[in-house]
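Only a predicted model underlies this, so the values are computations on that prediction, with no experimental measurement involved. In what follows, residues are counted from 1 in the order of the sequence shown.
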Amino acid sequence: MRSSDYPMIEPDEAWRRIAAALSPLPPVQVPLGEAHGLILAEEVVAREDLPPFAASAMDGYAVIAADPAPEREVIAQWEAGQSGVGTVRLGTAVRIMTGAPLPPGADAVVPFEDADERNGFVRLRTPVRTGQYVRPAGQDVAIGDSLLRAGMRLGPAEIGLLASLGHTAVSVHPRPRVAILTTGSELVPAEATPGPGQIRDSNGPALTAAVIEAGCSPLPLGPVADDAHALRAAILDGAARADMLLTSGGVSMGVKDLVKPLLAELGTIHFGRVAIKPGKPLTFALVGGVPVFGLPGFPVSSLVCFENFVRPALRLMAGHTRLWRPEVPVRLTHDLHHDAERTEFQRSVVTQREGVLWATTTGSQVSGRLKSLVGANALLRLPRGLGDFYAGDEVIAIMVERPEVERQT
């Protein structure tokens, strides 16, 4: 089948087909030091109290709050990390440092600045209440508490909390491994000097960076010439070694556009054209159960399709529920030409002036001009069915430099 033989579907329908074919990767156990940024696969219940003992929250004196003695003998000093000696009784106190266990008998801590010590005795300058400046055992977490829920992203606080309770490994959804295959007999590596009719491969490095930025593990396969035998072998290799395969190029209507026919031969194509600009020949298939995105060869088309379809798909596979960049209304600083036959994503810079967000495109929007993405912080979504837009009109901007959120309605 040629590219034009596939019905052109709307972008929302394309995503529905992608989401229906994907699910989070099966959980694995990883060391805690490797879990940052991953999604927890199961609930974690506290198996001990935190803190595990009553501790001082200030540097000062551990005392009995109801002790009527005007002065109290300082009988010991307790420091963090030590279990000192001595029991606090009426008429006595223990000098104590922040984090040290509360000595037996004591029920309050008086800060140094609220007391005067002289010749081994301390006089308190303020009234004392039971429990002041004491962190009781289990104040932060008690045994049996639900500590973290499945689906949470493990950031610094979550990692620290797990470590504080003795967890050295955790069950998470792993980072998807993504094989990246660039196609085209004209492509040479970035370090090569192009010969006649050749160009350096930019899609490979760009997609590798995009995969890393999405929190996944890239597996670059390098450029492969427009040869059916070589491409078939590369597609099968990528599908065997990774959780997802990305190809760029070879999905349009040229005589050397071989990727789409090969995907149809090796697997099942779920769609072969989408009503978007740039990126109309975007293809999604399964080869041996492995998702394959056939991205267009033009650099801008490839990266825009990655942002709108591949990145949320990778996040879904990694267990995330927040899949979508924030969308905000913006006003245009200038007129925009728009072909009403497809939803268009124009590269733009959004700035704020006097509480209003304004969008200015990055110049020529042709899909081969990679510079149009340089410095852009938004994609303006111009809906299918509408024509040109004018300065001051309101449109929706997808903020591609902001963290993902739940899908907006």
Pick out which of Thr98, Asp59, Val94, Ile96 makes a side-chain contact (heavy atoms from CB on, under 4.5 Å) with Val109. Ile96
Check for a donor-acceptor pair, side chain of [X] on one end and backbone N or O of [Y] on the other, with a separation under 3.5 Å.
{"X": "Asp145", "Y": "Ala142", "value": "yes"}
{"X": "Thr333", "Y": "Ala359", "value": "yes"}
{"X": "Glu158", "Y": "Gly155", "value": "yes"}
{"X": "Trp78", "Y": "Ala62", "value": "no"}
{"X": "Arg72", "Y": "Ile64", "value": "yes"}
{"X": "His173", "Y": "Leu25", "value": "yes"}
{"X": "Arg381", "Y": "Glu344", "value": "no"}
{"X": "Arg177", "Y": "Leu219", "value": "no"}
{"X": "Asn203", "Y": "Gly297", "value": "yes"}
{"X": "His334", "Y": "Thr361", "value": "yes"}

Please report the closest heavy-atom contact between [X] and [Y], naming both atoms and the distance.
{"X": "Pro174", "Y": "Leu38", "value": "C-CD2, 4.4 Å"}
{"X": "Cys216", "Y": "Arg175", "value": "CA-CB, 4.3 Å"}
{"X": "Pro11", "Y": "Thr343", "value": "CG-OG1, 4.3 Å"}
{"X": "Leu221", "Y": "Arg241", "value": "CD2-NH1, 3.9 Å"}
{"X": "Ser56", "Y": "Met97", "value": "CB-O, 3.8 Å"}
{"X": "Ala80", "Y": "Ala100", "value": "N-CB, 3.6 Å"}

Apply side-chain contact (heavy atoms from CB on, under 4.5 Å) to Leu207 and Ser248, showing your working. CA-CA 9 Å; Leu207 290 171; Ser248 71; 4.2 Å; yes
Between [Y] and [X], does any NZ, NE, NH1 or NH2 come within less than 4.0 Å of an OD or OE carboxylate oxygen?
{"X": "Glu404", "Y": "Arg311", "result": "yes"}
{"X": "Glu401", "Y": "Arg325", "result": "no"}
{"X": "Glu341", "Y": "Lys277", "result": "no"}
{"X": "Arg232", "Y": "Asp227", "result": "no"}
{"X": "Arg123", "Y": "Asp116", "result": "no"}

Partner of Phe293 under ring pair (Phe, Tyr, Trp, His ring centres under 6.0 Å), chosen from Phe284, Phe306, Phe271: Phe284
Any residue meeting ring pair (Phe, Tyr, Trp, His ring centres under 6.0 Å) with Tyr61, in chain and number order, not counting sequence neighbours: Phe112
By the definition side-chain hydrogen bond (donor to acceptor under 3.5 Å, both in side chains), identify the one residue from Gln365, Gln346, Arg347 that meets it with Ser372. Arg347
For the atom pair [atom1] ([X]) and [atom2] ([Y]), what is the distance rounded to the nearest 0.5 Å?
{"X": "Asp201", "Y": "Thr183", "atom1": "CG", "atom2": "OG1", "value": "9.5 Å"}
{"X": "Ser252", "Y": "Asp257", "atom1": "OG", "atom2": "CG", "value": "5.0 Å"}
{"X": "Asp107", "Y": "Gln132", "atom1": "CG", "atom2": "CD", "value": "9.5 Å"}
{"X": "Ile398", "Y": "Ser348", "atom1": "CD1", "atom2": "OG", "value": "11.5 Å"}
{"X": "Arg17", "Y": "His270", "atom1": "CZ", "atom2": "NE2", "value": "9.5 Å"}
{"X": "Ile235", "Y": "Thr247", "atom1": "CD1", "atom2": "OG1", "value": "6.5 Å"}

Do other residues, nucleotides or ligands put more than 12 heavy atoms under 6.0 Å from the [atom1] atom of [X]?
{"X": "Arg149", "atom1": "CZ", "answer": "no"}
{"X": "Arg129", "atom1": "CZ", "answer": "no"}
{"X": "Phe309", "atom1": "CZ", "answer": "yes"}
{"X": "Arg153", "atom1": "CZ", "answer": "yes"}

Test: salt bridge (Lys or Arg N to Asp or Glu O under 4.0 Å). Region: residues 30-45. Which pairs qualify, not counting sequence neighbours? none
Testing the 3.5 Å rule here: is there a donor-acceptor pair between the side chains of Asp388 and His337? yes
